[in-house]
Structure formats: C-alpha cells, structure tokens
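Predicted model only: the values in this text are computed from it and were never measured. A, B, ... follow the sequence lines: proteins, then strands. Residue 1 opens every chain.
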There are 2 protein chains.
Amino acid sequence: MKLTSKGRYAVMALVDLARFDNINPVSLRDISLRQGISLDYLEQIFSKLKKNQIVKSIRGTQGGYILSKKPNEIKLTNIFHAVDEKVKTVQCKKDSKKGCNGKATKCITHNLWDELENHINSFFEKKSLEDLLKSNKEHRY
Amino acid sequence: MKLTSKGRYAVMALVDLARFDNINPVSLRDISLRQGISLDYLEQIFSKLKKNQIVKSIRGTQGGYILSKKPNEIKLTNIFHAVDEKVKTVQCKKDSKKGCNGKATKCITHNLWDELENHINSFFEKKSLEDLLKSNKEHRY
DNA sequence: TCTATACTTGACCATTTTAGTCAGGTATGT
DNA sequence: ACATACCTGACTAAAATGGTCAAGTATAGA
Ligand code: FES
Ligand code: FES
C-alpha cells in the first residue's frame, strides 16, 4: 500500500477548498499559499481530481475550483482513487487463482493482506470530507 | 506508511518457520525454496529479526533459525517494527507542536492521519503469528 | 480590446527507496 | 577436514517520489 504526499496533499487541499467553496471558486494559488504546497504540484493533483469528477474548474480571472459534489458525498476512497493512491496490500491479482509467487496456489499470507486491505478500506469508505470539516471546526487553524 | 516486500517476506518466512520449528531449526535455504524468496535477501531480513529477539540462530550443519518466543507472543507489530516497516501516516513529529509544513500549528489533516495510524496499528497489534498459523491450517498449501 | 489571472498539458529531472545481488567471511556438527 | 548454514557489508539497476519548468488556453474586468 502507499500513502504518499500526493494523497496527503489531495486531502489537505480539498479540505481547504471545501471551507471557502461556498462563497467563490478557490484558486490553487490560494491553497498553495495557505497550505504550503507547491503550486505546480497542486496543478497535477487537481487535474486528476477533475478527471474523476471530484472538482470542477472555472477558468479566467476570479476563477478557481469548486467541489462538484456535496462534502458528505466525497469519501476518502474517492479522493485516493482519483490520485492513484491505491490501498492494495495483496501482491497478487485478486481474481486470479495464482499466488504472488507465481505458484498455483495463493501464498500463505494472502488472507492476512486481504483482511488488512478490508480493514483499511473500511476506514476510508466511512470518512467523508464533511467529517473532516467538522472535526476541524472544533480546533482553530 | 509503507508495506513493501521486506515486511511481506518477513511475515511469510516467519509463518513458514513457525510451522516446522517444533522439530528442528529451519534453514533459510529451505524457506527460500518453499516460499520462493531470494536467499540473500532472506539473510538481510533475518539479521534484523534476530537483533529484535524474534528469532534465534543456530550455526553449523543442521543449523537454522528458531522462534525465540511462542507464536502467540509474536505480534505483527513486532515483526514490522523489526524490519523497519513503520506504520507512520502522520508526516510531522508527533511530540512536537509544529506541523508537517513547518508552521506553528498542526496541519488540517493531522487528526485524520493520526486516527488512521491507530486504526491500522490496532490491526497489527491484535494479530499474532499463532492466528496466522490457525487460519492457515484450514486451507492446505 | 488589452491584460492579468488562473486553469491546462506535457516534458523533464534530482533524489530516494526498493529489491535485490555479490563477495567474502565465521561457526559447527559429523 | 569439509560441508552446511549463519553472518556482514558493499554494491547496484530499476522504479517511485516529489517535485520543477515551459508553453500554452480561456475568461473576467478595466
Ligand atoms: S498476496 Fe495473494 S498470493 Fe501472495
Ligand atoms: S501530519 Fe501532523 S501536522 Fe501535518
């Protein structure tokens, strides 16, 4: 499994976006400044988020990005999937009968990784952007 | 967080070891052949497992490795820790007040990663080598 | 219409990590 | 003595990471 800056930044940027979204589109420049993320890198990330219909873009002056769904409809799973941050703990192809070692049977730890995958995914499927916003209002940033 | 071949192989090898352990020390060559893992790589891994008192070594002919604890006392946490496969999802230093971006406050996603870390760790802390052995006897490999 | 803003696309790259290999040891049971 | 098997450290090709850079295109507002 992977959890790299790309996934981290994606979530961070979207939380930031969601907080200002209701008024105007939010520019990447603003997010970049507020969150301390490279603008060029953000552009790569948002290009993927857009392809996956998580945000919409508005070009031109005063343009920026807006969420294309309500915060409670955007799960972390969706975000990670969009930026290719796959929660894949098994090594083998799931549908195949073959194991990760190329042998005819699944390896002796296959079930373990499969369980782990489910365990992690259940976390990401439950959490929505809205949950993050809420737990954020409690503190002040 | 990381989950790479090193951690995977460590668990795989230890399950294999645990199954033959009660009779004789198990040589890495055997594990290598049974599980299809490079012998040289296994040696690196077992060097770490030994340093962390998870296995003991017996040198010479008919030598090999044995578990240094009972299978139910070896949790996955211990194994991962031994091979430096850290479940670290937050980016910042936990004890510090500073955020991952170098700012004075924690970043807006800090709590999320912290929750995730606990979620994953609870899985690893519950699972022991014995659990893996059991779920393995049900199937035949 | 001009211009500043901000999205869009694609190529490029230095650094780090990964997943090993290789070469040489040392200890020990038979 | 000798085969087995642990032990150690150096080395490395290939991939992933975390960006940067350059050259656009679309649009709002003056
Ligand atoms: S992980 Fe599926 S066979 Fe090894
Ligand atoms: S992860 Fe802790 S401050 Fe960002």
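- Counting distance only, with no hydrogens placed and no angle test, the side-chain atoms of A:Gln44 and the base atoms of D:dT20 include a donor-acceptor pair under 3.5 Å.
- Taking only side-chain atoms of B:Ser5, from C-beta outward, the nucleotide of C:dC7, D:dT20, C:dA19 with the closest atom is C:dA19.
- Comparing B:Lys6 and A:Phe46 against DNA chain C, the residue whose closest nucleotide sits nearer the 5' end is A:Phe46.
- Computed from coordinates, the B:Lys50 NZ to D:dA5 P distance equals 16 Å when rounded to whole Å.
- For A:Lys70, the NZ atom counts as loosely surrounded, since its 6.0 Å shell holds 12 or fewer non-hydrogen atoms of other residues, nucleotides or ligands.
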(request) Report the C-alpha distance between A:Ser57 and A:Lys50 in whole Å, list the side-chain angles of each, state the deciding distance to 0.1 Å, and finish with yes or no for side chain to side chain donor-acceptor pair (under 3.5 Å). (result) CA-CA 7 Å; A:Ser57 66; A:Lys50 192 189 169 189; 3.2 Å; yes

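- C:dA19 atom C1' lies 16 Å from atom CG of A:Asn101, rounded to whole Å.
- Among the nucleotides C:dG29, C:dT9, D:dT8, the one closest to any side-chain atom of B:Thr61 is C:dG29.
- The side chain of B:Thr4 has C:dA19 as its nearest neighbour among C:dT21, C:dA19, C:dT8.
- Phosphate proximity of D:dA5 to B:Arg59: absent, as no side-chain N or O sits under 4.0 Å from OP1 or OP2.
- If you check the side chains of B:Glu117 and B:Thr89, you find a donor sitting under 3.5 Å from an acceptor.
- If you check the side chains of A:Lys75 and A:Ser128, you find no donor sitting under 3.5 Å from an acceptor.
- Atom pair A:Ile37:CD1 and D:dG18:P shows a separation of 12 Å (rounding to whole Å applied).
- Distance, B:Gln62 CD to C:dG29 C1': 8 Å, rounded to whole Å.
- The side chain of B:Ser27 lies closest to D:dA5, out of C:dT9, D:dA5, D:dA3.
- For the pair A:Leu39 CG and D:dC21 C1', the computed distance is 12 Å after rounding to whole Å.
- Between B:Lys48 atom NZ and C:dA19 atom P the separation is 12 Å, expressed in whole Å.
- Atom NZ of B:Lys56 and atom P of C:dA27 are 20 Å apart (whole Å).
- If you measure from atom CD1 of B:Ile31 to atom C1' of D:dC6, you get 12 Å, rounded to the nearest angstrom.
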